[in-house]
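Structure first, then comments.
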Amino acid sequence: MKYYAPKGLSDVLPEEMPYWHAVGDEVRSVMSSYNYSEIRTPMMEKTEVFARGVGENTDVVSKEMYTFDDKGGRSMTLRPENTASAVRAYLEHKFYGKEELSKWYYLGPMFRYEAPQKGRSRQFHQYGAEAIGSNDPALDAELITLAIDILTSLGLEDVGLKLNSIGCPSDREDYVDDLVDYLEPRKEGLCSDCQARLTTNPLRILDCKNERCQEIVKDGPVITDYLCTDCQEHFDGVKSYLNELEIDYVLEPNLVRGLDYYTKTVFEVFSEDLGAQDALVGGGRYDELVELFGGDPTPAVGFAGGIERLVLLLEELERVSGSEGGLDLYIATIDDESKQAAMKLGRELRKVGLATEMDYLEKSLQGQLGYADRYDARYTAILGPREIENDELTLRDMESGDQVKVSLDNYVEEIVEKLIG
RNA sequence: GGGAGUGUGGCGCAGUCGGUAAGCGCGCUGGGUUGUGGUCCCAGAGGUCGCGGGUUCGAGUCCCGUCGCUCCUCCCA
């Protein structure tokens, strides 16, 4: 084989499409029910949108971006996530002047240069929501239930919610100071990555999976002890709403997440039925991001979910029927003359909305019936010299095998009648 | 960035110690049915064993390299 799709970029094949459609349909439907409107931002942005928005020290920006210079010498980057673009669009189109609260959702491809594995590819697809303009903890809870509702409406039940608050920047500053003070003397025990993080991004040490790092972190300071009154109240509010909504969650004080823009609430929805890449949805509040992009201080919260991982689960659980559509009618032909007529017939039937197929492979009648069978045609219209002679067609019910003659004068009505009536 | 596994007709696989094993199932084509699918029976087409070197009298099998794929670590969607 000479040509392959680039590593980590995979084709979504027709046979997988029912799952993708199910996810897309459910996302749109649930989002609408929560009054979120779709927005589509470009698949690439100027590099600084992500570099500034997501954070220079994040894994995503420092080593996972598809960045290149365009012909004008501008540094462009394929979007690794959609929040930064959404905020850019929010400001560019001055939504702060149009509405007090912007509730958006999106659906589309994202790109991160990483080693592909189960549930992770370089081009992947996310659906997500952003609510810009309110710091109400009820909105955090809304986003969380929205994310969960999409999953449960698709038939997933065993999903868990991890929840944490990382406070506002000044809380975090105090916390990071103490964390570094705590870790510095224990530096030797940390993995080499974490030793580096101690200076670049100490918070990331918290969710390092290395056992020794975890051991050390376990007895260190806990971020939720550092929340200011505002942040504490906010966090309590989120938890209280979740309790009211009977959403189970696990408090994870070490959940900090990989993007710099988060403040206060952070959360992840995960599945135990997935492999190493078990996060289905990740999100949180980003109250500083609009301001960072040059807007007035504007609180916001959002989440994103991975479609590939969701499809993987749906396939495993067989929660979505593996086929869609199906043929209403197959028109079998015998010779050139009947094929001419079949082309015309087929077009008429398609016009009234019937999925119609015919032979393009010069198959025998036997072969054509087999083909019709394989595609689950409900009826096969047989059109041969005998039918043409009598100005009729033979309509075969593919389940019962019953056949009737139908006049070519009113075949559309008769076939529609059989299929619908 | 590290680690492990894997590559044999379209698909899923078997291939023993290196020695007529290039084989099975599904699918496909034709026939049984000169115009009738699903079950069944018969026949048939289809493979430079990922690629390139090497060892050997002899390589799908062993060695080296290379490309691809998969999974893990890490991070996350």
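In the text below, chain A, chain B and the rest are named by the order of the sequence lines, each starting its count at 1. Fair warning: this is a prediction, and the values are worked out from it, not measured in the lab.
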Phosphate OP1/OP2 of U36(B) contacted by Q366(A) side-chain N/O (<4.0 Å): no
Ring-face cation of R52(A) near F50(A) (centre distance under 6.0 Å, axis angle within 45°): no
Between the base of A77(B) and the ring of F124(A) - centre-to-centre under 5.5 Å, planes within under 30° - is that a stack? yes
K118(A) side chain N/O closer than 4.0 Å to the phosphate oxygens (OP1, OP2) of C72(B)? no
Can you tell me whether the side chain of Q277(A) and the base of C75(B) have a donor-acceptor pair closer than 3.5 Å? yes
Identify whether any heavy atom of V281(A) sits under 4.0 Å from a base atom; if not, whether one sits that close to sugar-phosphate; answer base, sugar-phosphate or nothing. sugar-phosphate
Give one of base, sugar-phosphate or nothing for T58(A), where a contact means two heavy atoms less than 4.0 Å apart. nothing
On the nucleotide C71(B), are OP1 or OP2 found under 4.0 Å from the side-chain N or O atoms that Q117(A) carries? no
Base paired to U34(B) (Watson-Crick or G-U; both N/O distances under 3.5 angstrom): none
Exercise: identify the closest heavy-atom pair between Q117(A) and Q277(A): NE2-NE2, 2.9 Å
Does anything in residues 398-421 of chain A form a ring pair (Phe, Tyr, Trp, His ring centres under 6.0 Å)? List the pairs, not counting sequence neighbours. none
Looking at the base of G37(B), is there any donor atom on it, or on the side chain of D373(A), that sits under 3.5 Å from an acceptor on the other one? yes
Phosphate OP1/OP2 of A77(B) contacted by R257(A) side-chain N/O (<4.0 Å): yes
